[in-house]
Amino acid sequence: MTHLHLPARRFAALLGVALIVLAACQNADTLAPGPDATPPVASPPATTPATAATAAGLTAQQRLNLLATTISTARADTTDGLPYTYLHLQTWARASNTIVRTDVRRWRHDADGSGREIIRRAPDLRGVDHQPTRGDRQELSRAAPHSLQHGIGQLHPYLPGDIPADPRELARLLAPPALVDEPAYPRILTSGVVALATSQHLDPPQRATTLRVLAAVPHITYRGTTTDLSGRPGLAFQVVADGSTSTLVIHPATGELLAATEWINGGRRPGLHSYTLLLAHGRTRSTDEPTSPTTAAAVTHLR
């Protein structure tokens with residue numbers, strides 16, 4: 001038998017070509033599988049908004065800006081065009097030396113400012129050193145409802161007109177720029193964000209803008225995951241300024257405000273200043289109960 005002898009360099013070159021062709025065929029099979037081939041398993045996303053916002057090692061500013069970037073939609077975000085803004089709030093508010101406990105369901109006609117409210121009041125609590133409890137909520141649910149009708153122009157959103165998309169412009173509307181160097185400015189700006197979110201339904205871009213405003217609040221810190229008084233999980237952000245501590249609980253995916261509290265740290269009467277639960281929001285076709293068949297799809301219930 002005759003054996004073919006090739007120079008070492010030529011043999012190596014031919015072997016290299018063969019390996020390249022083999023690899024190309026394998027890659028072609030991988031990139032273009034036949035009709036009976038098992039499809040490749042899709043890799044899961046590297047992260048989700050909730051995971052990203054709670055990742056270790058991030059500052060409060062980074063978490064809020066990240067959440068603003070990855071914000072997801074809520075059920076009520078599909079209700080554009082319906083005429084009434086609906087809000088369901090439960091509030092604890094200081095009035096002199098008492099705490100006033102109120103449950104409010106409000107329908108506001110966005111075009112003319114008319115609407116309707118159903119209000120329940122639990123008995124006022126003497127003193128201000130009070131932490132809201134689930135028992136308070138039970139008292140509110142048992143309180144007698146009172147219905148109020150509001151004429152044209154009697155119900156107003158917190159900010160008239162369109163909400164700016166620029167966080168700096170929105171911040172100027174929520175807190176006077178002249179106070180930016182004052183100790184009270186962080187508290188005033190935080191309170192403005194809370195007032196905006198509890199006055200009107202905010203769509204995802206608007207919520208993202210408010211999150212970016214919060215990210216720019218001086219001295220804001222992240223306090224970890226928590227639950228509000230209704231048991232909903234969220235991210236806690238805190239601002240200590242001007243003798244008070246404000247804490248906001250934010251939904252970790254949609255960026256919705258779930259709850260907000262302000263506690264007076266010192267002075268003559270330290271204690272609760274306010275606590276607010278935003279239980280539901282959205283838009284409806286009428287001032288009927290939002291759980292009726294015609295309006296249930298138009299409301300996000302956050303309970």
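Position 1 is the first residue of the sequence; numbering continues from there.
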Checklist entry - Should Glu262 and Ser191 be marked as a side chain to side chain contact (heavy atoms under 4.5 Å, CB included) after you check the CA-CA gap, both sets of side-chain angles, and the distance that decides it? => result CA-CA 9 Å; Glu262 183 178 355; Ser191 298; 4.0 Å; yes

Next on the checklist: I'd like to know if the side chain of Asn65 and the backbone of Gln61 have a donor-acceptor N/O pair within less than 3.5 Å.
Outcome noted: yes

Next on the checklist: Run the side chain to side chain contact (heavy atoms under 4.5 Å, CB included) test on Leu229 and Arg134 for me, step by step, so that the C-alpha distance in whole Å, both residues' side-chain angles and the decisive distance to 0.1 Å come before the verdict.
Outcome noted: CA-CA 7 Å; Leu229 192 57; Arg134 295 186 179 182; 4.1 Å; yes

Item to check | Chi angles and distances behind the side chain to side chain contact (heavy atoms under 4.5 Å, CB included) call for Leu64, Leu235 | outcome: CA-CA 10 Å; Leu64 288 163; Leu235 311 179; over 6 Å; no

Next on the checklist: Test your reading of the model: is there a side-chain donor-acceptor pair from Arg94 to the backbone of Gly271, 3.5 Å cut-off?
Outcome noted: yes

Item to check | Flag, side chain of Arg212 to backbone of Pro167, donor-acceptor distance under 3.5 Å | outcome: no

Item to check | Trace of the salt bridge (charged side-chain N to carboxylate O under 4.0 Å, His left out) decision for Asp124 with Arg121 | outcome: CA-CA 8 Å; Asp124 296 348; Arg121 283 274 301 270; 3.1 Å; yes

Item to check | Reported OG-to-CG distance for the pair Ser199 and Leu159, which is rounded to 0.5 angstrom | outcome: 8.0 Å

Next on the checklist: Between Thr85 and Asp110, do the side chains contain a donor N or O and an acceptor N or O under 3.5 Å apart?
Outcome noted: yes

Next on the checklist: Could you check whether any side-chain heavy atom of Val193 comes within less than 4.5 Å of a side-chain heavy atom of Leu196, counting everything from C-beta outward?
Outcome noted: no

Item to check | Working for salt bridge (charged side-chain N to carboxylate O under 4.0 Å, His left out), residues Arg283 and Asp77 | outcome: CA-CA 9 Å; Arg283 291 190 175 90; Asp77 296 329; over 6 Å; no

Next on the checklist: Between Trp107 and Tyr84 (judged by ring centroids, cut-off 6.0 Å), do the two rings come close enough to count as a pair?
Outcome noted: no

Item to check | Test log, rule side chain to side chain contact (heavy atoms under 4.5 Å, CB included), inputs Gln131 and Leu272 | outcome: CA-CA 7 Å; Gln131 290 282 3; Leu272 182 68; 5.7 Å; no

Next on the checklist: Could you see if Ile163 belongs to whatever hydrophobic cluster contains Ile250? Use Ile, Leu, Val, Met, Phe, Trp, Tyr and a side-chain cutoff under 4.5 Å.
Outcome noted: yes

Checklist entry - When you measure from the side chain of Ser246 to the backbone N and O of Trp263, does any donor-acceptor pair fall under 3.5 Å? => result no

Checklist entry - Should Ile71 and Leu202 be regarded as members of a common hydrophobic cluster, given that ILVMFWY residues are connected when their side-chain heavy atoms come within less than 4.5 Å of each other, either directly or indirectly? => result yes

Checklist entry - Can you check whether Ser286's main-chain N or O pairs, donor with acceptor, with Thr284's side chain at less than 3.5 Å? => result yes

Item to check | Any residue meeting side-chain hydrogen bond (donor to acceptor under 3.5 Å, both in side chains) with Glu117, in chain and number order, not counting sequence neighbours | outcome: Arg106, His150

Checklist entry - What are the two closest non-hydrogen atoms of Pro183 and Ala241, and how far apart are they? => result O-CB, 3.6 Å

Item to check | Qualifying residues under salt bridge (charged side-chain N to carboxylate O under 4.0 Å, His left out), relative to Asp242, sequence neighbours excluded | outcome: Arg187

Checklist entry - If you group Ile, Leu, Val, Met, Phe, Trp and Tyr by side-chain heavy-atom gaps below 4.5 Å, do Val100 and Leu148 land in one group? => result no

Checklist entry - Side chains of Thr247 and Gln238: is there a donor and an acceptor less than 3.5 Å apart? => result yes

Checklist entry - Roughly how far, to the nearest 0.5 Å, is the CZ atom of Arg223 from the OG1 atom of Thr245? => result 9.0 Å

Next on the checklist: Both conditions, 6.0 Å and 45 degrees, for the charged tip of Arg101 above the ring of Trp92: are they met here?
Outcome noted: no

Checklist entry - Does any N or O in the side chain of His281 come within less than 3.5 Å of the main-chain N or O of Leu278, such that one atom is a donor and the other an acceptor? => result no

Next on the checklist: Quick one: does any side-chain atom of Thr210 pair with a main-chain N or O of Arg207 as donor and acceptor, under 3.5 Å?
Outcome noted: yes

Next on the checklist: Measuring only between side-chain heavy atoms, which start at C-beta, is Val240 closer than 4.5 Å to Asn265?
Outcome noted: yes

Checklist entry - Under 4.5 Å between side-chain heavy atoms, hopping through other hydrophobics if needed: is there a path connecting Leu125 to Val104? => result no

Checklist entry - Got Leu277 and Asp228 here, is their nearest side-chain heavy-atom distance under 4.5 Å? => result yes

Next on the checklist: Same cluster or not: Ile99 versus Ile119, using hydrophobic residues (I, L, V, M, F, W, Y) connected whenever any side-chain heavy atoms lie under 4.5 Å apart?
Outcome noted: no

Checklist outcome for this item: Scanning both residues in full, the closest heavy-atom pair of Pro186 with His219 reads CG-CD2, 4.1 Å

Item to check | Residue list, salt bridge (charged side-chain N to carboxylate O under 4.0 Å, His left out) with Arg269, at least two apart or on another chain | outcome: none

Item to check | Backbone of Ala253 reached by a side-chain donor or acceptor of Ser72 within 3.5 Å | outcome: yes

Item to check | Over all atoms of both residues, closest heavy-atom pair of His146 and Ala144 | outcome: CD2-O, 3.5 Å

Item to check | 4.5 Å side-chain heavy-atom contact, Leu257 and Thr198 | outcome: yes

